[in-house]
Engineer: 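Can you read through this structure? Questions will come right after.
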Amino acid sequence: MNKSIIAAAFAAIVCMSCSENRENPLLVESKLPYGAVAFDKIQSTDYMPAFEEGLRQLKANIDAAAACTDAPTFENTIEPLESCDMLLGNVGRVFYNLMETDADDIMHETEEKAIPIENEANSYVFMNEAIFKRIKELYDNIDNIGLTVEQKEVLKKYYRRFVTGGALLNEQEKARFVEIQNRMGELRIKFANNNLDESNAYVLNVTDINRLKGLPQDQLEAAAARAKDKGLEGWAFNVQKPCWIPFLQFCQDRDLREQMYKAYYSRGNNNNEFDNKAIIKETLQLRLELANLLGYETFADLMLEDRMAKTPQAAYDLLMEIWKYAVPQAKRERDEMQKIIDAEGGKFKLAAWDWWYYAEKLRKQKYDLDESQLMPYFSLDNVRKGSFMVAETLFGIKFKKVDNLPVYNPSVETWECLDADGSHLAYFYTDCFVRATKRQGAWMTNFTGQYNYAGQNQRPTIVNVCNFSVPTDTLPCLLSIDDTRTVFHEFGHALHGMLTQCHYPTVSGTATPNDYVEMCSQIMEHWAIEPSIMKQYAFHYKTGEPIPDNLIEKMQNAGHFNTGFETVELVGAALLDMEYHMLKDYSDFDDQKFEDAISAKLGMIPEIEYRYRGTFFNHIFNNDYCAGYYSYLWAEVLDCDAFQCFKEEGLLNKETGMRYRRNILEKGSSDDLMKLYRQFRGSNPKTEAMLRNRGLIN
Ligand SMILES: [Zn+2]
């Protein structure tokens with residue numbers, strides 16, 4: 001029977017069986033412990049009325065706060081803003097979580113109607129002039145009104161949010177501000193579509209199998225199916241990574257490699273209808289105009305003000321510090337590969353399209369590691385036990401399996417996170433296995449937020465979602481090393497959410513800038529692959545034997561493979577992004593000349609490209625990572641330096657762990673982030689540990 005008919009029939013029965021007065025579980029307080037979500041009671045038709053009621057309540061709350069005639073205080077101005085979206089936020093958290101993991105047709109329909117509600121709610125708050133006037137009065141006296149450190153941070157965030165939304169502009173400027181934003185929105189979509197269309201349009205069609213020597217069988221089969229799909233003879237290849245990378249790694253035909261390489265790197269730069277160069281120039285000009293309107297010298301200054309780095313120069317300096325070690329390492333890797341070419345009698349100089357091919361040969365020679373040998377030691381159960389063991393030892397907490405909480409899917413598991421004295425800290429849900437309704441990837445979010453003000457103390461409910469293979473009767477879920485790191489990574493975000501002890505949602509838990517938030521997740525990955533820790537959790541799922549030393553050694557060697565290349569392409573892209581947004585005039589801007597000049601200035605080697613060239617740099621021209629691509633590296637410096645502290649004081653040293661918990665995990669962004677870091681580490685972060693971790697220094 002048709003699935004949607006069953007669903008419709010089922011929905012009808014449910015409706016008949018309940019009275020007219022059935023309570024919408026999203027509109028009443030949860031009767032479950034600690035406000036856990038009553039997933040067993042929620043029906044898909046409950047969301048829309050809850051969104052509508054949430055918007056109504058938000059407007060009423062904002063109207064009341066704006067109408068207040070008492071002199072503004074934190075309590076009568078900011079606290080109402082923190083709670084104005086209490087219902088809307090709760091509904092949204094449940095709804096959007098489930099949209100990613102377990103949605104049905106009704107929810108998909110609801111989503112389209114919910115987006116305008118969210119937008120309306122946002123502008124209702126942040127366009128409110130009466131409220132802004134009160135915030136400004138507080139902000140202008142921020143140091144003289146007896147605020148706590150956390151309250152100051154919250155106030156600063158609201159003030160900035162209003163100001164960067166145009167609250168201080170005059171009418172004429174406001175009109176231009178809106179015009180710029182609308183145009184930037186159009187350009188963003190155009191940029192993304194050009195990218196997508198040009199990538200989709202490209203096909204390399206090969207009809208002579210001899211030219212495909214070296215390619216693995218699965219790649220050939222996929223390519224044959226792709227050709228058939230397109231009505232072509234032979235084999236078809238595209239520039240999507242799952243096809244493009246193996247092609248460059250394995251195809252022996254150098255000319256074909258060159259074609260594929262160039263097709264990828266020239267996207268958006270072919271002077272055809274998909275060309276993005278003019279879009280880039282206009283976008284950069286508008287971003288600068290916007291920044292200038294708001295009183296900033298460059299767009300990068302505007303974007304970095306509320307990040308941990310604070311200034312473009314700080315981010316730039318850090319990137320250059322890494323760059324200086326990455327380029328020589330990449331040159332050494334290049335020379336090693338040239339030796340292979342020479343030994344094979346190939347009379348040519350390694351070119352950019354040869355890198356993957358010879359790197360693969362080098363990998364086989366030096367670091368060959370068969371993942372299937374490792375996986376039996378990394379069952380999901382053991383990996384999870386390992387991650388719990390690390391957190392319990394370091395942070396003095398306990399995880400207890402609970403089975404009295406309703407879940408949205410039978411494969412979801414639930415835990416309670418308890419403090420050392422047995423008090424409740426958080427609920428932790430895990431949703432680990434792949435299913436048709438779930439989006440790809442892995443992530444952490446929360447179902448209930450955390451706050452503690454105005455007499456209300458709410459602890460969070462956190463969820464980790466992954467896409468691992470479903471265990472069978474004979475085989476448990478076995479993880480690759482990447483997947484193992486993912487478990488620890490997402491669990492790191494979860495700890496950041498669960499252990500938070502802030503007062504206000506705006507700064508609580510993972511509500512921290514991009515260049516900071518990944519420290520708390522990435523640091524956990526270090527424990528995942530530390531030999532002495534693996535010995536405590538990586539047991540063979542059949543024999544129970546701990547992982548042998550020779551496998552650990554191989555893993556560690558492989559970790560330093562090709563890191564010069566990877567660092568150069570990554571740091572190069574981050575530097576390019578920063579350079580794009582640090583200019584003060586774009587009138588003579590020519591994208592290709594600009595990129596060439598930056599490459600010359602940086603001493604980029606011709607055998608490597610930036611991971612993204614401007615014309616297909618989606619992160620910065622179609623996403624919020626503009627002047628922010630450095631964040632990945634900044635956070636990596638932090639996580640390596642923070643982990644170095646554990647290496648110095650003991651990998652499972654509880655004192656160090658508690659210092660990390662009190663200063664980092666509990667604090668969200670309730671204080672200056674560099675200050676918090678220093679309180680944990682005793683000094684500013686240094687790049688050494690990160691450089692060593694990437695094998696760039698000894
Ligand atoms: Zn992450």
Side-chain angles (χ1 to χ4, degrees), residues 176 179-181 183-199 201-202 239 258 261-293 296-304 312-313 315-316 319-320 323 327 351-353 568-623 625-630:
R176 179 61 189 149
E179 227 170 62
I180 293 175
Q181 285 197 314
R183 180 63 186 151
M184 288 199 313
E186 286 167 20
L187 290 170
R188 195 171 163 149
I189 294 170
K190 188 103 193 25
F191 184 94
N193 287 344
N194 281 346
N195 251 209
L196 201 64
D197 292 345
E198 183 150 67
S199 299
Y202 181 81
V239 286
E258 183 177 352
Y261 175 88
K262 288 186 171 166
Y264 180 86
Y265 280 104
S266 67
R267 283 175 300 153
N269 186 23
N270 291 315
N271 302 315
N272 57 13
E273 71 269 38
F274 307 125
D275 200 277
N276 272 334
K277 293 196 284 290
I279 293 177
I280 290 179
K281 180 172 176 174
E282 194 185 343
T283 302
L284 291 169
Q285 278 175 321
L286 291 172
R287 284 177 179 170
L288 177 65
E289 191 186 341
L290 190 97
N292 291 163
L293 259 180
Y296 296 87
E297 234 184 328
T298 70
F299 186 71
D301 285 297
L302 165 65
M303 294 306 284
L304 270 88
Q313 199 57 48
Y316 197 91
L319 294 171
M320 285 309 289
W323 183 254
V327 175
W353 44 90
V568 164
E569 65 159 5
L570 186 65
V571 179
L575 282 164
L576 185 64
D577 165 39
M578 211 42 95
E579 293 274 4
Y580 269 128
H581 295 103
M582 284 167 81
L583 288 187
K584 290 175 190 158
D585 181 10
Y586 295 91
S587 39
D588 296 324
F589 185 83
D590 174 298
D591 183 62
Q592 294 308 290
K593 277 191 198 144
F594 171 79
E595 289 192 37
D596 289 346
I598 300 301
S599 297
K601 176 175 139 188
L602 295 174
M604 184 78 168
I605 61 174
E607 293 84 0
I608 303 181
E609 272 293 359
Y610 303 112
R611 180 174 290 183
Y612 306 98
R613 300 287 305 243
T615 55
F616 59 93
F617 206 155
N618 255 303
H619 290 80
I620 66 169
F621 291 113
N622 172 39
N623 223 304
Y625 267 88
C626 34
Y629 197 67
Y630 79 93

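None of these values were measured; they are calculated from a predicted model.
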Engineer: Could you check if a side-chain atom of Tyr580 sits within less than 4.5 angstrom of a side-chain atom of Ile280, using non-hydrogen atoms only?
Structural biologist: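 Counting from C-beta outward, Tyr580 and Ile280 do come under 4.5 Å.
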Engineer: To the nearest 0.5 angstrom, please state how far the CG atom of Leu570 sits from the OH atom of Tyr612.
Structural biologist: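 Here the interatomic distance stands at 8.5 Å.
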Engineer: For residues Arg287 and Met303, determine if any side-chain heavy atom of one lies less than 4.5 Å from a side-chain heavy atom of the other.
Structural biologist: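 The answer is no; the side chains never approach within 4.5 Å.
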Engineer: Can you sort out the partners of Asn272 under side chain to side chain contact (heavy atoms under 4.5 Å, CB included), two or more places apart, ordered by chain and number?
Structural biologist: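 Listed in chain order: Glu198, Asn270, Phe274, Asp275.
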Engineer: State, with a plain yes or no, whether a side-chain heavy atom of Arg188 is found less than 4.5 Å away from one of Thr283.
Structural biologist: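 Counting from C-beta outward, Arg188 and Thr283 never come under 4.5 Å.
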Engineer: Heavy-atom count check: over 12 atoms from other residues, nucleotides or ligands less than 6.0 Å from Gln592 CD?
Structural biologist: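 Count over threshold, so yes.
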Engineer: Is the shortest side-chain heavy-atom distance between Gln181 and Leu290 below 4.5 Å?
Structural biologist: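 Result yes, sub-4.5 Å side-chain heavy-atom pair found.
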Engineer: Nearest 0.5 Å, what's the CE-SG distance between Met184 and Cys626?
Structural biologist: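 Going from CE on Met184 over to SG on Cys626, the span is 8.0 Å.
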Engineer: To the nearest 0.5 Å, how far apart are CE in Met582 and CD in Glu579?
Structural biologist: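 With rounding to 0.5 Å, CE (Met582) is 6.5 Å from CD (Glu579).
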Engineer: Not counting sequence neighbours, which residues clear ring-ring contact (aromatic ring centres under 6.0 Å, His included) with Tyr261? List them please.
Structural biologist: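 Applying ring-ring contact (aromatic ring centres under 6.0 Å, His included) to Tyr261 gives Tyr265, Trp353.
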Engineer: So, for Ala300 and Ala627, which heavy atoms are closest and what is the spacing to 0.1 Å?
Structural biologist: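 In terms of heavy atoms, the two residues are closest at CA-CB, 4.1 Å.
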Engineer: I'd like to know if the side chain of Arg267 and the backbone of Tyr264 have a donor-acceptor N/O pair within less than 3.5 Å.
Structural biologist: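 Judged by distance alone, yes, a pair lies under 3.5 Å.
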Engineer: Can you tell me how far CG of Leu284 sits from NZ of Lys281, rounded to the nearest 0.5 angstrom?
Structural biologist: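 One finds 10.0 Å between NZ of Lys281 and CG of Leu284.
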Engineer: Please report the interatomic distance CG(Leu187) to CZ(Phe191), rounded to the nearest 0.5 Å.
Structural biologist: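 Output value for this atom pair is 10.5 Å.
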Engineer: Between Leu304 and Met578, is there a side-chain heavy-atom distance shorter than 4.5 Å?
Structural biologist: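 The answer is yes; the side chains approach within 4.5 Å.
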Engineer: With sequence neighbours excluded, what pairs up with Lys190 under the salt bridge (Lys or Arg N to Asp or Glu O under 4.0 Å) test?
Structural biologist: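 By the salt bridge (Lys or Arg N to Asp or Glu O under 4.0 Å) rule, Lys190 matches no residue at all.
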Engineer: Glu595 and Gly614: which non-hydrogen atoms are nearest, and at how many Å?
Structural biologist: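 Scanning both residues completely, I find the closest heavy atoms to be OE2-N, 3.1 Å.
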Engineer: Answer yes if the side chains of Asp301 and Thr298 hold a donor-acceptor pair under 3.5 Å, and no otherwise.
Structural biologist: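 Yes, because at least one side-chain N or O of Asp301 sits under 3.5 Å from a partner of the opposite role on Thr298.
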Engineer: Have a look at Met604 and tell me which of Val568, Asp596, Ile598 forms a side chain to side chain contact (heavy atoms under 4.5 Å, CB included) with it.
Structural biologist: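 Among the candidates, only Val568 passes.
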Engineer: Run the salt bridge (Lys or Arg N to Asp or Glu O under 4.0 Å) test against Lys593 and tell me which residues pass, sequence neighbours left out.
Structural biologist: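 None.
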Engineer: With a 4.5 Å heavy-atom cut-off, do Phe299 and Glu289 have their side chains touching?
Structural biologist: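 A side-chain contact is absent here, since even the closest heavy-atom pair is not under 4.5 Å.
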Engineer: Go through the steps for Asp590 and Lys277 under the test side chain to side chain contact (heavy atoms under 4.5 Å, CB included), then give the verdict.
Structural biologist: CA-CA 8 Å; Asp590 174 298; Lys277 293 196 284 290; 5.9 Å; no
Engineer: Report the residues that fulfil ring-ring contact (aromatic ring centres under 6.0 Å, His included) with Tyr586, sequence neighbours left out, ordered by chain and then residue number.
Structural biologist: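 Applying ring-ring contact (aromatic ring centres under 6.0 Å, His included) to Tyr586 gives Phe589.
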Engineer: Would you say Asn292 and Lys584 are linked by a side-chain donor-acceptor pair, where the criterion is simply a distance under 3.5 Å?
Structural biologist: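 Not at all, the side chains of Lys584 and Asn292 share no donor-acceptor pair under 3.5 Å.
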Engineer: Could you tell me which non-hydrogen atom of Thr615 sits nearest to which non-hydrogen atom of Asp591, and how far apart they are?
Structural biologist: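 Where Thr615 meets Asp591 most closely, the heavy atoms are CG2-OD2, 4.0 Å.
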Engineer: Measuring from atom OG of Ser599 to atom CD1 of Ile608, what distance do you get when rounded to the nearest 0.5 angstrom?
Structural biologist: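 Reported value, rounded in 0.5 Å steps: 11.5 Å.
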Engineer: Compile the donor-acceptor pairs under 3.5 Å between side chains in residues 616-623 and protein atoms, sequence neighbours left out, one pair per line.
Structural biologist:
| unit_1 | atom_1 | unit_2 | atom_2 | d |
| --- | --- | --- | --- | --- |
| Asn618 | OD1 | Asn622 | ND2 | 3.1 |
| Asn618 | ND2 | Asn195 | OD1 | 2.9 |

